[in-house]
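First the structure, in the form of structure tokens, and then the observations on it.
Quick caveat, the model's predicted, so the values are computed rather than measured.
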Amino acid sequence: MENTDHDGPQGPQAFLDFLTQRLAKRQGELEQAVKFSSHYNQLEIIVSELKNIRAKFVGFMRREGLL
């Protein structure tokens, strides 16, 4: 049986919401980081990869008619 105790979105929308939350968090960290530091560079890579993942996921889901 599935656990239905939570009221939030499920499936593709839940994953998209998760990606959006993570992206917002990392963008906030990036804005606070010291530019040209190794931490800033790591955050830039993370933000870029999250954006790519989100774009590919949205594109795929739209092609499949699920979003």
Side-chain angles (χ1 to χ4, degrees):
M1 292 187 121
E2 289 185 33
N3 183 1
T4 57
D5 291 340
H6 63 316
D7 295 327
Q10 297 179 353
Q13 188 60 48
F15 184 66
L16 186 58
D17 291 349
F18 171 77
L19 283 176
T20 301
Q21 290 171 356
R22 299 309 297 172
L23 182 57
K25 179 182 178 191
R26 295 302 185 171
Q27 284 177 323
E29 290 177 16
L30 183 62
E31 291 171 4
Q32 301 298 319
V34 176
K35 287 193 176 189
F36 307 112
S37 67
S38 62
H39 182 64
Y40 185 87
N41 290 336
Q42 288 174 337
L43 287 170
E44 276 187 318
I45 291 168
I46 291 168
V47 167
S48 176
E49 289 182 5
L50 283 170
K51 286 180 179 180
N52 287 335
I53 291 167
R54 186 178 63 180
K56 287 178 182 181
F57 179 74
V58 168
F60 174 77
M61 296 309 286
R62 284 187 178 148
R63 279 192 307 275
E64 296 296 318
L66 298 173
L67 282 180

Margin query: Listing request: all side chain to side chain donor-acceptor pair (under 3.5 Å) pairs with a residue in residues 40-66, at least two apart in sequence or in separate chains.
Written below: none
Check: Which pairs, with at least one residue in residues 18-27 and sequence neighbours excluded, count as a side chain to side chain donor-acceptor pair (under 3.5 Å)?
Finding: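 Matches after skipping sequence neighbours: Arg26-Glu29.
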Note to self: Looking at every heavy atom in both Leu50 and Leu19, which two are closest together, and how far apart are they?
What the structure shows: CD2-CD2, 4.0 Å
Margin query: Using the side chain to side chain donor-acceptor pair (under 3.5 Å) criterion, which residues pair with Gln13? Sequence neighbours excluded.
Written below: Asp17
Check: Out of curiosity, Leu16 CG to Leu66 CG, how far, rounded to the nearest 0.5 Å?
Finding: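 Interatomic distance, Leu16 CG to Leu66 CG, rounded to 0.5 Å: 12.0 Å.
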Note to self: Using the ring pair (Phe, Tyr, Trp, His ring centres under 6.0 Å) criterion, which residues pair with Phe60? Sequence neighbours excluded.
What the structure shows: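 For Phe60 there are no ring pair (Phe, Tyr, Trp, His ring centres under 6.0 Å) partners, ignoring immediate neighbours.
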